[in-house]
Amino acid sequence: MAWTAHTIIQNGKAIPFEDAKVHALSVGLAYGAAVFEGIRAYMNPSTKRLSVFRLEEHLARLDQGMKFMRFDSPPSRDALRQGVLDSIRANAPDDDCYIRLQVHIEARGNQSTTGPVGWVCAAIPRERSTKRESGIAACVSSWTRIADNTMPARIKATANYHAGRIATLQARADGYDMPILLTRDGKVSETAAACLFLVRDGVVITPTRDSDILESVTRDTVLALAAEHGLPVQERRADRTELYVSDEVFLCGTGQELAPITSVDRLPVGDGKPGPITMRLQQAYESVVRGTTDAHAAWRTPVA
Ligand SMILES: Cc1ncc(COP(=O)(O)O)c(C=O)c1O
């Protein structure tokens with residue numbers, strides 16, 4: 001990762017990276033009134049060209065978030081799409097990028113303030129986790145996942161990350177890499193920043209959309225890839241104890257990508273090594289995000 005980000009897009013304008021500012025009392029900061037997307041652009045190893053992975057799906061989810069937040073005059077999808085592409089082009093990266101696209105209330109006000117809103121888009125370098133190869137030691141958190149009738153779990157709101165953050169800090173303090181959160185009724189939900197899959201007897205299983213998950217773009221990608229690889233897939237509620245008896249467990253998300261979980265609560269998953277189905281799907285994911293396969297060309301938006 002040789003490149004650094006020097007330019008950021010704020011409200012449609014390219015400005016020096018360090019100059020992107022909001023007031024300290026803005027409602028976005030004071031009350032967490034913000035929604036965002038984490039997006040990745042991957043470089044094709046042959047063409048050396050970048051493409052943004054599933055940009056339209058990320059923009060669609062952000063639209064849902066802005067609607068849910070009742071934002072006044074939210075930025076248009078076209079403006080945000082342009083912002084994503086501009087944030088990459090302005091920095092001329094020579095490697096993969098991670099893109100944070102955030103829409104927040106810029107005004108000062110109170111809990112019921114709905115605008116004016118502002119937005120920012122940053123393309124930055126981001127190291128890939130080495131745990132993608134070695135595997136993750138997870139624990140089941142004593143914190144439960146935010147419930148749909150308390151916080152909007154399926155909306156990518158910045159405030160939701162308070163819950164994931166305290167669970168992560170607890171897991172780290174206890175010596176684990178990351179927490180797995182259960183729903184309030186004790187079913188498997190997701191990790192603090194990624195969705196979960198279990199593999200049992202060759203069947204690829206992921207908790208349903210009503211398990212208080214973020215409706216993840218990567219989860220959708222993995223479901224499609226698994227089916228294309230002839231693997232039986234099931235979206236269903238999953239018990240906590242299934243985490244201990246599964247042959248494989250893995251997580252997936254834009255930031256975390258697709259990575260094996262090799263132990264849960266110090267019990268090895270399967271034989272404690274990254275499993276074959278996980279690694280096959282990881283490889284398939286890598287091909288589709290980078291465009292080393294022609295399949296799913298519509299998922300890749302060229303940057304140039
Ligand atoms: C809480 C949470 N769940 C799931 C995911 C995965 O979502 P996506 O695949 O859309 O990035 C993320 C983000 O990566 C997340 O923050």
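Order of appearance sets the numbers: ligands from 1, and atoms from 1 within every ligand.
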Should the heavy atoms of other residues, nucleotides or ligands under 6.0 Å from CD of Gln283 be counted, would the total exceed 12?
-> no

Heavy-atom neighbours of His162 NE2 exceed 12 at 6.0 Å | no

Between the candidates Ala153, Ala193, Gly38, Cys252, which shows the shortest non-hydrogen contact distance to atom 14 (O) of ligand 1?
->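 Heavy atom nearest to atom 14 (O) of ligand 1 belongs to Ala193.
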
So which heavy atom in the protein is nearest atom 9 (O) of ligand 1, and how far is it from that ligand atom?
->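 Of the protein heavy atoms, Thr218 OG1, 2.5 Å lies nearest.
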
What is the closest protein heavy atom to atom 16 (O) of ligand 1, and at what distance does it sit?
-> Tyr161 OH, 2.4 Å

Flag the pair Phe250 / Tyr285 as yes when their ring centroid distance falls below 6.0 Å, and as no otherwise.
-> no

Could you list which atoms of ligand 1 come closer than 4.0 Å to a heavy atom of [X]?
X: Cys195; result: 4 (C)
X: Ala192; result: 1 (C)
X: Thr254; result: 8 (P), 9 (O), 11 (O), 14 (O)

Within the distance-only criterion (no hydrogens, no angle test), does the side chain of Arg172 pair as donor or acceptor with the backbone N or O of Asp177 below 3.5 angstrom?
->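 At least one qualifying donor-acceptor pair exists.
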
For the side-chain hydrogen bond (donor to acceptor under 3.5 Å, both in side chains) test, which of Arg61, Gln102, Arg100, Lys156 pairs with Glu37?
-> Arg61

Tell me the contacting part of [X] for ligand 1: side chain, backbone, both, or neither, using a 4.0 Å heavy-atom threshold, strictly below.
X: Glu215; answer: neither
X: Ser216; answer: both
X: Arg61; answer: side chain

Ligand 1 and Glu190, any nitrogen or oxygen pair closer than 3.5 angstrom?
->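 Between Glu190 and ligand 1 (N or O atoms, distance only) the closest approach is under 3.5 Å.
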
Find out whether the Lys NZ or Arg CZ of Arg266 is both under 6.0 angstrom from the six-membered ring centre of Tyr176 and within 45° of the ring's axis.
-> yes

Hey, are Arg40 and Asp96 close enough for a salt bridge, meaning a charged N less than 4.0 Å from a carboxylate O?
->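 So Arg40 does not pair with Asp96 through a salt bridge.
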
Asp239 and Thr241 side chains, donor-acceptor separation under 3.5 Å = no

Is Lys156 in contact with ligand 1, taking contact as a heavy-atom separation below 4.0 Å?
->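 Yes, that is the case, since the closest heavy atom of the residue is under 4.0 Å from the ligand.
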
